[in-house]
Amino acid sequence: MEASVRLRCEADLTGLAGYNFAYLDEQTKRMIRRALLKAVAIPGYQVPFASREMPLPYGWGTGGIQVTASIIGPEDTLKVIDQGADDTTNAVSIRRFFARTAGVATTEDTEAASIIQTRHRVPETRLREDQILVYQVPQPEPLRLMEPRESETRTMHALEEYGSMYVKLYEDVTRHGRIATAYSYPVRVEGRYVMSPSPIPKFDNPKLTKAPMLQLFGAGREKRIYAVPPYTEVRSLDFEDYPFSVEGWDEPCALCGATDTYLDEIVTDDHGGRMFVCSDSNHCARRRAAAGEEA
Amino acid sequence: MMSVAPTIQPGFARPVHDSQAVFRTLLAALSRPGRPLPLPVSPEPVAPLGPAMAALALTLLDLDTPLWLDAEPGGEAAAWLRFHCGCPLVSEPERAAFALVTRPADLPALDAFHLGEAAYPDRATTLVIQVPELARGDGALWQGPGVKDRELLRVTGLAPSFWAERAALQPLFPLGLDIFFVTDRLLAGCPRTTRVKEA
């Protein structure tokens, strides 16, 4: 009698009949949760985990989804962005996935979200201590382009052997006269592990350091989880005579007029017409709403 | 002859949501060392495990986590852990993925636990130490990743040599031990990156 009452209570909180809350089974969640705790304890180190098959293809955010599914609860409000936008296919389908399997509230408002899952951007709005940012990561290993063997890159991390990464950046300088790497720009976490910040533009790299929010990274196909705790030093690699710098634009956002945000180039016709607009759709909409109120 | 089954205390009332709530507290505590957080649920304690330690065990332990326990292996707590978590109990600290410590003054030498491997530092033991009191704003100075400027936290009941022993492990980073200090109702994280300076 008591057991049946209990079962009904759990079912009320579960979104989709026939599935556990947030899709993953409890043992998988425990395994991922233990990996997440070790990732936080060793900032920038890639913890191996037994990534599961998810009901969407690799490359669509299976790592980020497994991390989100393992941390999310009924009280959370979830925001999902893809290249900064809330309304792209990947973001919409992941948001609906959690609305159905976990019954959680979703939002497009950066400030209203407790968990933000992202592909390729960090929101322009400064996040808070009570928010968690979950990155979808296609290739977690920053040394993979130079060294294809996992056994070798693992040893290189163990020995802090990061010379080849500097050689790669130096080759940029010799070939282009500057460090031409524009996304997945490697960083060093607390002076120890070299880490890929995921394919965010290097414009977003400065937002990672000493940030108030917890940052979790999930790579589903590569089966790795890593993390940057709050208030942790994240330095973009560079040289004394070629210091790290971020990209800028000659014109402001065509919609909201912002000059301090990351802009996407939008082709508007087939005669060479184009415009530059904020990649963070929520930030841009809020600026336009605020400007409208003032006018 | 009929054998009498031992009475085993229940686990979480709502296993899925209670373990999620406890995990988020653990994640927040480890991300912000030196800030004790209240336990969001209250499972019944199983002597000598208090409610917070019991909740942590139900949340993180299963058949993949060899456990070292300083309580009696034939006692009520061990039976409860075997039943609810299904975790193997080990007697050698270096084989343990988790260690539950209820008598902090009698803790074995810290380097007897598994400190991880150079290529796999994540394989280190996670220690859960039950202490009488966690007093914030007083005591030792905590700094490192997760701490904005500094935190002050006093942990009572530890052996006098504890912090010196822990500091001796610090140069071995990325090897090291990650610790949760728990009272009955509070949880505080102390990952291997945290530098604790005694007052």
Side-chain angles (χ1 to χ4, degrees), chain A residues 6 9-10 13-14 20-22 26-27 29-50 70-76 102 114 129-130 132 151 154-160 189-190 192-193 210 212-216 225 227-233, chain B residues 10 12-24 26-33 35 40 56 58-65 85-87 97-98 116-124 126 143-150 173-180 189-194:
Chain A
R6 230 171 241 170
C9 295
E10 295 253 324
L13 286 162
T14 306
N20 188 24
F21 177 81
E26 287 303 294
Q27 185 161 352
K29 286 186 196 167
R30 267 196 303 275
M31 173 269 296
I32 294 175
R33 287 168 181 169
R34 290 193 298 259
L36 285 168
L37 292 177
K38 286 300 175 194
V40 167
I42 317 165
Y45 165 75
Q46 301 163 49
V47 183
F49 81 111
S70 303
I71 64 175
I72 203 165
E75 316 286 306
D76 278 309
S114 57
E129 283 197 358
D130 60 346
I132 299 178
S151 56
R154 191 155 280 279
T155 308
M156 289 159 82
H157 282 294
L159 299 175
E160 272 187 277
V189 184
E190 281 287 319
R192 180 55 180 84
Y193 283 100
K210 303 273 176 200
M213 71 290 188
L214 172 63
Q215 303 173 78
L216 304 174
I225 282 171
V228 175
Y231 308 115
T232 297
E233 190 196 47
Chain B
F12 283 136
R14 305 178 312 153
V16 173
H17 297 293
D18 289 355
S19 52
Q20 186 273 336
V22 173
F23 171 70
R24 279 290 280 278
L26 292 170
L27 184 65
L30 199 67
S31 308
R32 299 186 163 80
R35 268 200 228 179
L56 184 147
L58 290 171
T59 302
L60 294 179
L61 304 185
D62 59 25
L63 71 172
D64 291 328
T65 53
C85 307
C87 51
F98 283 83
E117 297 144 40
Y120 293 96
D122 56 300
R123 293 179 182 171
T126 303
Q143 284 179 308
V147 181
K148 190 177 183 187
D149 301 309
R150 55 192 210 138
F173 184 85
L175 307 192
L177 297 173
D178 308 310
I179 304 172
F180 285 103
C190 183
R192 62 192 82 179
T193 48
T194 303

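Order of the sequence lines fixes the chain letters, A, B, ..., with proteins taken first and strands second; residue numbering starts at 1 for each chain. All heavy atoms count here, side chains included; hydrogens, waters and symmetry mates do not.
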field: Greatest number of heavy atom pairs closer than 4.5 Å to chain B - which of A:Pro43, A:Ser70, A:Pro229, A:Pro230
entry: A:Pro230
query: Any idea which of B:Pro121, B:Gly144, B:Pro191 has the most non-hydrogen atom pairs under 4.5 angstrom with chain A?
result: B:Pro121
field: Rounded distance [0.5 Å steps], CD in B:Gln143 versus OH in A:Tyr231
entry: 14.5 Å
- prompt: Could you walk me through whether B:Arg192 and A:Lys38 pass the side chain to side chain contact (heavy atoms under 4.5 Å, CB included) check?
  reply: CA-CA 10 Å; B:Arg192 62 192 82 179; A:Lys38 286 300 175 194; 3.8 Å; yes
field: Nearest atoms (heavy-atom pairs only) where B:Ala119 meets A:Tyr45
entry: O-OH, 3.4 Å
field: Side chain / backbone / both / neither for B:Arg32 at chain A, heavy atoms under 4.5 Å
entry: side chain
query: Is the shortest side-chain N to carboxylate O distance from B:Arg24 to A:Asp76 below 4.0 Å?
result: yes
Euclidean distance, B:Asp178 CG relative to A:Ile42 CD1, rounded to 0.5 Å: 6.5 Å
query: Mind checking whether A:Met31 and B:Asp64 have side chains closer than 4.5 Å, heavy atoms only?
result: no
- request: Answer with side chain, backbone, both or neither: which region of B:Tyr120 has an atom nearer than 4.5 Å to a non-hydrogen atom of chain A?
  value: both
query: Side chain, backbone, both or neither: which part of A:Arg33 has an atom under 4.5 Å from a heavy atom of chain B?
result: both
task: Please report the C-alpha distance between A:Leu36 and B:Phe23 in whole Å, then the side-chain angles of each, then the deciding distance to 0.1 Å, and finally whether the side chain to side chain contact (heavy atoms under 4.5 Å, CB included) criterion is met.
output: CA-CA 10 Å; A:Leu36 285 168; B:Phe23 171 70; 3.9 Å; yes
message: I'd like to verify something: which residue of A:Gln46, A:Glu190, A:Glu233 has the highest number of heavy-atom pairs under 4.5 Å with chain B?
response: A:Glu190
- request: State whether the number of non-hydrogen atoms from other residues, nucleotides or ligands found under 6.0 Å of A:Lys210 atom NZ is greater than 12.
  value: yes
- prompt: Within the distance-only criterion (no hydrogens, no angle test), does the side chain of B:Gln20 pair as donor or acceptor with the backbone N or O of A:Ile71 below 3.5 angstrom?
  reply: yes
query: Side chain, backbone, both or neither: which part of B:Leu63 has a heavy atom under 4.5 Å from chain A?
result: side chain
message: Tell me which one of B:Thr126, B:Leu27, B:Asp122 satisfies side chain to side chain contact (heavy atoms under 4.5 Å, CB included) with A:Leu37.
response: B:Leu27
- request: Any chance you could lay out the side chain to side chain contact (heavy atoms under 4.5 Å, CB included) test for A:Arg30 and B:Leu60, step after step, and finish with the verdict?
  value: CA-CA 6 Å; A:Arg30 267 196 303 275; B:Leu60 294 179; 5.7 Å; no
field: Under 4.5 Å from a heavy atom of chain B, the part of A:Ile132 involved
entry: side chain
message: Under 4.0 Å between a side-chain nitrogen and a carboxylate oxygen: does that hold for A:Arg154 and B:Glu117?
response: no
- prompt: With only heavy atoms counted, which part of B:Thr194 is less than 4.5 Å from chain A, the side chain, the backbone, both or neither?
  reply: neither
query: In terms of heavy-atom pairs under 4.5 Å with chain A, which of B:Gly189, B:Ala124, B:Pro33, B:Ser31 leads?
result: B:Ser31
message: If the threshold is 4.0 Å, N to carboxylate O, is there a salt bridge linking A:Lys29 and B:Asp62?
response: no
task: Decide yes or no for B:Ser19 and A:Glu26: does some side-chain heavy atom of the first lie under 4.5 Å from some side-chain heavy atom of the second?
output: yes
